[in-house]
Engineer: 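Supplied in structure tokens, the structure appears directly below.
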Number of protein chains: 2
Amino acid sequence: MTDDAPFPTNGLNDTVHQRHRLGILTIASESDRVEVSYLREALELTAGNLSRHLAVLADADLVAIERGYHGNRAKTWIRITPAGEAALDAEVAALRELLDRHG
Amino acid sequence: MTDDAPFPTNGLNDTVHQRHRLGILTIASESDRVEVSYLREALELTAGNLSRHLAVLADADLVAIERGYHGNRAKTWIRITPAGEAALDAEVAALRELLDRHG
DNA sequence: ACAGAAAGGTTTGCACCGCAAACCGATCTG
DNA sequence: CAGATCGGTTTGCGGTGCAAACCTTTCTGT
């Protein structure tokens, strides 16, 4: 009861912790850049919803958005930023700490 | 790219995933019953904020609220319900799956 | 060549949520 | 018995998450 170390959930950043954004960052951290359309399918999101989450992440400078073309089709990719990597690492560390409490 | 298994974050339940509620449920799962005032300190929450989260969890039948006295002082405890345990286990399982992707 | 349909996103509108300030009823304390 | 304290709830509001509606460009059929 004299445990005054901060509880793991206090280390979580709300911007990163949101479940879809956690998914976006996780996938983004696994490869150099990711097609938005791939994210949409992998995370089973509506395009609108995904768009807003990407805007939130871009505003927070956790991902960078790159527009371009695939053939003649407009296409968008995202790339995780160094700040995004750091924030994700912090989240993962806090979650590991939390999970340690669950045996 | 033909990975059509649902992404781990899709298995997360928003009621449970919220960071403070995740903390509440985690602590509640670790002992039989917990004083609300202990939660307040451990999670560094304002009383008002905590009260609302507990109401959400109680509404969802994930915790039960027990009112009583400690000496003459009114005091409240919470106890995780079987549904709460199950929901927390599901969250933890999904998080483990997610963390597995992070090496 | 022109009318849809489709691809690939963005914006809008609204309900719900998270938060702390304000509040409430009891119980101690001088 | 006036004020401080404990233990918690309610209120008010800005912010968030969501899908429907919308926009632009590119295919496709005729």
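A, B, ... follow the sequence lines: proteins, then strands. Residue 1 opens every chain.
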Engineer: What residues, two or more places apart in sequence or in another chain, satisfy side-chain hydrogen bond (donor to acceptor under 3.5 Å, both in side chains) together with A:R79?
Structural biologist: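 Residues passing side-chain hydrogen bond (donor to acceptor under 3.5 Å, both in side chains) with A:R79: A:D32, A:E66.
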Engineer: Polar-atom pairs under 3.5 Å, protein N or O versus N or O of nucleotides 25-28 of chain D: list them with distances, or write none.
Structural biologist:
{"from": "D:dT26", "atom 1": "O4'", "to": "A:R73", "atom 2": "NH1", "distance (Å)": "3.1"}

Engineer: CZ of B:R67 versus C1' of C:dG25: gap in Å, rounded?
Structural biologist: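 The distance from CZ of B:R67 to C1' of C:dG25 comes to 13 Å, rounded to the nearest Å.
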Engineer: Checking all strands, does B:S51 fall into the base, sugar-phosphate, or nothing category for heavy-atom contacts under 4.0 angstrom?
Structural biologist: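 Answer is base: heavy atoms of B:S51 come under 4.0 Å of a base.
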Engineer: Rounded to the nearest 0.5 Å, what separates atom CG in B:L12 from atom CZ in B:F7?
Structural biologist: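 These two atoms lie 10.0 Å from each other.
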Engineer: Could you check A:L54 against B:A47 and say which one's nearest nucleotide on DNA chain C is further toward the 5' end?
Structural biologist: A:L54
Engineer: Taking C-beta and beyond as the side chain, do A:I80 and A:I24 meet within less than 4.5 Å on heavy atoms?
Structural biologist: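 Side-chain contact under 4.5 Å: no.
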Engineer: Rounded to the nearest angstrom, tell me the gap between atom CG in A:L50 and atom C1' in C:dG9.
Structural biologist: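 Going from CG in A:L50 over to C1' in C:dG9 covers 9 Å.
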Engineer: Separation of A:D59 atom CG from D:dG15 atom C1', in whole Å?
Structural biologist: 13 Å
Engineer: According to side-chain contact (heavy atoms from CB on, under 4.5 Å), who are the partners of B:N13, at least two apart in sequence or on a separate chain?
Structural biologist: B:T15, B:V16
Engineer: Angle between the two end axes of the helix from C:dA1-D:dT30 to C:dG30-D:dC1, five base pairs per end, rounded to 10 degrees?
Structural biologist: 0°
Engineer: Round to a whole Å and report the spacing from CG of A:L57 to P of C:dG9.
Structural biologist: 16 Å
Engineer: Once side-chain contact (heavy atoms from CB on, under 4.5 Å) is applied, do any residues pair with A:E41, and if so which ones, sequence neighbours excluded?
Structural biologist: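 A:E41 satisfies side-chain contact (heavy atoms from CB on, under 4.5 Å) with no other residue.
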Engineer: Under 3.5 Å, side chain of A:R33 to main-chain N/O of A:W77, donor-acceptor pair present?
Structural biologist: no
Engineer: Where along residues 24-34 of chain B does a heavy atom fall under 4.0 Å from DNA chain C?
Structural biologist: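 Here the set is empty: none.
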Engineer: Suppose we screen for side-chain hydrogen bond (donor to acceptor under 3.5 Å, both in side chains). Which residues come up paired with B:D100, at least two apart in sequence or across chains?
Structural biologist: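 None.
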Engineer: Please confirm whether the backbone N or O of B:A64 pairs with a side-chain atom of B:T81, one donor and one acceptor, at under 3.5 Å?
Structural biologist: no
Engineer: Please list, chain by chain and in numerical order, all residues satisfying side-chain hydrogen bond (donor to acceptor under 3.5 Å, both in side chains) with A:R19, sequence neighbours excluded.
Structural biologist: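 Checked A:R19 against side-chain hydrogen bond (donor to acceptor under 3.5 Å, both in side chains); matches are B:D14.
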Engineer: For A:E30, which residues count as a side-chain hydrogen bond (donor to acceptor under 3.5 Å, both in side chains) partner, sequence neighbours excluded?
Structural biologist: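 Testing A:E30 for side-chain hydrogen bond (donor to acceptor under 3.5 Å, both in side chains), a comparison that skips the adjacent residues, returns B:R101.
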Engineer: Report the C-alpha separation of A:H20 and B:N10 in whole Å, then their side-chain angles, then the decisive distance to 0.1 Å, and conclude whether the side chain to side chain contact (heavy atoms under 4.5 Å, CB included) test is met.
Structural biologist: CA-CA 8 Å; A:H20 297 311; B:N10 290 330; 4.3 Å; yes
Engineer: Which residues pass the side-chain contact (heavy atoms from CB on, under 4.5 Å) test with B:E97, sequence neighbours left out?
Structural biologist: B:P8
Engineer: For A:E41 and C:dA7, what is the distance between atoms CD and C1' respectively, to the nearest whole Å?
Structural biologist: 12 Å
Engineer: Take atom NZ of B:K75 and atom C1' of C:dA26, then tell me their distance rounded to the nearest Å.
Structural biologist: 14 Å
Engineer: If I take atom NE2 in residue B:H17 and atom P in nucleotide C:dC16, what distance separates them, rounded to the nearest angstrom?
Structural biologist: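 Answer to the nearest Å: 21 Å.
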Engineer: Grab the CZ-P distance between B:R40 and D:dT9 for me, whole Å please.
Structural biologist: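 Value for this atom pair: 13 Å.
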Engineer: Hey, what are the protein-to-nucleotides 17-20 of chain C N/O distances that come in under 3.5 Å?
Structural biologist:
{"from": "C:dG18", "atom 1": "OP1", "to": "B:R21", "atom 2": "NH1", "distance (Å)": "3.1"}
{"from": "C:dG18", "atom 1": "OP1", "to": "B:R21", "atom 2": "NH2", "distance (Å)": "2.8"}
{"from": "C:dG18", "atom 1": "OP2", "to": "B:R21", "atom 2": "NH1", "distance (Å)": "2.8"}
{"from": "C:dC19", "atom 1": "OP1", "to": "B:H20", "atom 2": "NE2", "distance (Å)": "3.4"}
{"from": "C:dC19", "atom 1": "OP2", "to": "B:N49", "atom 2": "OD1", "distance (Å)": "3.3"}
{"from": "C:dC19", "atom 1": "OP2", "to": "B:N49", "atom 2": "ND2", "distance (Å)": "3.1"}
{"from": "C:dC19", "atom 1": "OP2", "to": "B:H53", "atom 2": "NE2", "distance (Å)": "3.0"}
{"from": "C:dC19", "atom 1": "O5'", "to": "B:N49", "atom 2": "ND2", "distance (Å)": "3.2"}
{"from": "C:dC19", "atom 1": "N4", "to": "B:R52", "atom 2": "NE", "distance (Å)": "3.0"}

Engineer: Does the side chain to side chain contact (heavy atoms under 4.5 Å, CB included) test come out yes or no for B:V92 and B:R96, once each step is laid out?
Structural biologist: CA-CA 6 Å; B:V92 167; B:R96 283 202 207 285; 3.8 Å; yes
Engineer: Please list, one pair per line, the donor and acceptor atoms closer than 3.5 Å that link side chains of residues 48-61 of chain B to other protein atoms, with sequence neighbours excluded.
Structural biologist:
{"from": "B:N49", "atom 1": "OD1", "to": "B:H53", "atom 2": "NE2", "distance (Å)": "3.0"}
{"from": "B:H53", "atom 1": "ND1", "to": "B:R21", "atom 2": "NH1", "distance (Å)": "3.2"}

